[in-house]
Participant: 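One structure follows; several queries about it will come next.
Computed over heavy atoms, backbone and side chain alike; hydrogens, waters and symmetry mates excluded.
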Amino acid sequence: MPKRARPSRATSAADLRAEFWRAPDEALLDRKTTAAGLGYTVGWLEWVATQGGGPVLTKIGRSVRYRKADVLAWLKAHSRRIHSTAELARHREA
């Protein structure tokens with residue numbers, strides 16, 4: 001009897017990133033999708049979950065989920081916009 005073809009569970013980073021940005025702000029996203037959307041690794045999200053400093057997470061049983069609105073708020077609070085890398089050098093000298 002032939003083996004059944006299983007749907008591939010491997011999803012590309014580009015697909016996960018697109019899923020993150022298409023999701024509504026109140027969506028609860030898993031770590032893989034959140035990491036891809038932010039451009040970080042799953043390992044980094046796991047590390048900051050234990051050390052503090054990362055986006056707010058929600059535990060549902062053993063599952064960890066990130067509300068997209070919380071992730072975007074964290075990103076806004078922990079990033080800055082610059083116009084050139086020369087601005088970074090000026091901030092370091094001051």
Participant: Determine whether Phe20 and Leu29 make a side-chain contact, defined as any pair of heavy atoms from C-beta on separated by less than 4.5 Å.
Facilitator: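 Yes, close enough: below the 4.5 Å cut-off.
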
Participant: Check whether more than 12 heavy atoms from other residues, nucleotides or ligands sit under 6.0 Å from atom NZ of Lys76, and answer yes or no.
Facilitator: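 It does not: Lys76 NZ has 12 such atoms or fewer within range.
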
Participant: Is there a continuous path of hydrophobic side-chain contacts, each under 4.5 Å between heavy atoms, that joins Val42 to Tyr66?
Facilitator: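 Per the 4.5 Å side-chain linkage, Val42 and Tyr66 are not co-clustered.
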
Participant: Would you say the side chain of Lys68 lies within less than 4.5 Å of the side chain of Thr34, judging by non-hydrogen atoms?
Facilitator: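 Not touching, per the 4.5 Å side-chain cut-off.
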
Participant: How long is the gap from CZ on Arg17 to CZ on Arg22, to the nearest 0.5 Å?
Facilitator: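 That separation rounds to 12.0 Å.
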
Participant: Do Leu38 and Trp21 belong together in a cluster built from hydrophobic side chains that touch within less than 4.5 Å?
Facilitator: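 Both belong to a single hydrophobic cluster.
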
Participant: Does Trp44 CH2 have over 12 foreign heavy atoms under 6.0 Å away?
Facilitator: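 Counting other residues, nucleotides and ligands, CH2 of Trp44 exceeds 12 neighbours.
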
Participant: How many angstroms lie between CZ in Arg31 and CG in Leu57, if you round to the nearest 0.5 Å?
Facilitator: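 So the gap between those two atoms works out to 6.5 Å.
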
Participant: In Å and rounded to the nearest 0.5 Å, what is the CG to OG1 distance from Leu45 to Thr50?
Facilitator: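 Result: 11.0 Å between the selected atoms.
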
Participant: Is any side-chain N of the basic residue among Arg67 and Glu26 closer than 4.0 Å to the acidic one's carboxylate O?
Facilitator: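 The answer is yes: the pair qualifies as a salt bridge.
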
Participant: Relative to each other, are the rings of Trp74 and Tyr40 parallel, tilted or perpendicular (30° and 60° limits)?
Facilitator: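 Correct class here is perpendicular.
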
Participant: So which heavy atom on Ala13 is nearest to which on Ala36, and how close?
Facilitator: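 Shortest heavy-atom separation between Ala13 and Ala36 comes out as O-CB, 3.9 Å.
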
Participant: What I'd like to find out is whether the side chain of Leu28 reaches to under 4.5 Å of the side chain of Ile60, using heavy atoms alone.
Facilitator: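 In short, these two side chains touch, coming nearer than 4.5 Å.
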
Participant: I want to check something: taking the side chain as every heavy atom from C-beta on, are Thr58 and Val64 in contact at a cut-off of under 4.5 Å?
Facilitator: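 No, too far: nothing below the 4.5 Å cut-off.
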
Participant: State, with a plain yes or no, whether a side-chain heavy atom of Val71 is found less than 4.5 Å away from one of Pro55.
Facilitator: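 Yes; the side chains approach each other to less than 4.5 Å.
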
Participant: Do Asp30 and Arg65 come within less than 4.5 Å of each other through their side chains, counting heavy atoms only?
Facilitator: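 They are in side-chain contact.
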
